[in-house]
Amino acid sequence: MTEPPFRIDTGGSAVPCGPDQKMLDAFLRGGVWIPNSCNQGTCGTCKVRISSGTVETSPAPDTVLSTAEQDRGYVLACQSIPTSDVTIDSVGIDSGTPHHVLRDIAGTVGAICQVADDTLAVTILLDEPLEFTAGQYVELSIPGTDTTRPYSMANPPSQDDKLEFHIRRQPGGCATDGWIFDGLAVGDPVSMTGPWGDFCYTADDPELGLVLLAGGTGLAPLKSIAAAALELDPHREIHVYHGVRFESDLYDVDYWHDLAADHPGVRYTPCLSRGGWTGRTGYVGDALVADLPSCKNFSAYLCGPPAMVEAGVKALKRRRISPRRIHRESYTPTNQLTAV
Ligand code: FES
């Protein structure tokens with residue numbers, strides 16, 4: 001019987017996998033890209049078929065990995081630890097998106113700023129630069145635990161010596177109530193892994209406009225995407241819709257107004273779903289339908305709670321966007337991410 005590290009092979013590229021190391025982690029650290037999103041076993045993006053070898057794997061909900069798929073040898077790479085050398089089918093391996101090697105990252109808290117009710121903008125100064133693509137996330141390690149939480153970068157990849165996160169307090173949450181909102185201070189060390197995720201800005205046809213639909217702190221990756229797109233083309237047409245419940249939940253308002261003032265193609269529309277004010281009310285998808293007669297010549301990125309993302313996708317389809325140009329990432333209150 002062989003001992004770890006085991007060799008895991010895609011049928012073309014092979015990487016070592018240490019004891020207790022998940023296959024997805026081993027592939028990404030080894031520079032072999034497997035599509036991935038939540039890293040929590042909840043989205044199914046990292047599904048692979050084992051063609052030889054054995055793994056230990058956690059039970060997956062039928063909605064993520066059906067019994068029929070399991071019978072055919074499919075597992076979730078983010079939840080599976082090899083117990084022998086393993087070969088997986090190369091099916092599902094995506095070579096079209098920009099990929100960066102996963103690694104451990106260390107840094108120090110550089111700034112903490114309360115930007116809205118129960119919402120902080122936290123800047124981490126990195127010990128070493130990190131390559132990532134706009135839209136991706138890192139997993140912050142919660143000190144004193146084995147637990148991590150995903151947070152998307154809000155700064156563009158060109159600023160590779162720091163990371164900006166938008167963090168909303170989750171009552172009772174171990175990352176927020178137990179750490180970030182309970183004494184995290186400038187100068188504290190922070191460790192994390194990354195970059196993770198398939199919710200990536202791809203510099204597609206520059207003639208296409210961008211629609212960015214955000215709910216709550218789903219604004220973070222879209223801020224990174226807008227900045228990255230404007231670095232490539234300062235005249236890019238970008239429509240940003242930020243949905244929150246109350247005015248006190250809005251943040252980065254001045255940032256977006258300044259961006260729109262400097263870039264004639266940028267339109268920023270905050271929308272409140274509850275509570276009165278003089279600005280737009282209702283849901284971001286409805287605002288988009290009211291404003292844009294057609295989205296045929298747009299790419300769209302959506303990030304926020306699942307219901308907001310689903311409604312936004314429906315609104316975009318009503319406006320005739322090509323489905324292949326819709327990129328979405330949902331998050332639940334426990335910050336599990338699901339990109340499609
Ligand atoms: S289930 Fe593995 S990345 Fe989501």
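Atoms within each ligand, like the ligands themselves, are counted from 1 in listed order. All values reported here derive from a predicted model rather than from experimental measurement.
Distance CZ/F6 to OG1/T83: 6.5 Å, rounded to 0.5 Å. To the nearest 0.5 Å, atom CG of residue L184 and atom CD1 of residue I167 are 7.5 Å apart. L292 contributes atom CG, which lies 12.5 Å from atom CZ of R318 (distance to the nearest 0.5 angstrom).
Checked against H166 for a ring pair (Phe, Tyr, Trp, His ring centres under 6.0 Å), the options Y251, Y151, Y331 give a single hit: Y251.
Interface of G44 with ligand 1, defined as ligand atoms under 4.0 Å from a residue heavy atom, comprises 1 (S), 4 (Fe). Every atom of ligand 1 with a heavy atom of N39 under 4.0 Å away is listed here by number and element: 3 (S), 4 (Fe). For ligand 1 and S37, the ligand atoms under 4.0 Å from any heavy atom of the residue are 3 (S). Each of the atoms 1 (S), 2 (Fe), 3 (S) of ligand 1 lies under 4.0 Å from some heavy atom of C78. Within ligand 1, counting atoms from 1 as listed, the ones closer than 4.0 Å to a heavy atom of C46 are 1 (S), 2 (Fe), 3 (S). Of all the atoms in ligand 1, the ones that sit under 4.0 Å from a non-hydrogen atom of G41 are 1 (S).
With a 4.0 Å cut-off on non-hydrogen atoms, T42 touches ligand 1 through its backbone and not its side chain.
Vertex atom 4 (Fe) of ligand 1, arms ending at SG of C38 and SG of C43: the angle is 100° after rounding to 10 degrees.
One side chain, T67 or D62, offers a donor N or O that lies under 3.5 Å from an acceptor on the other.
Between F199 and H327, the ring centre distance reaches or exceeds 6.0 Å.
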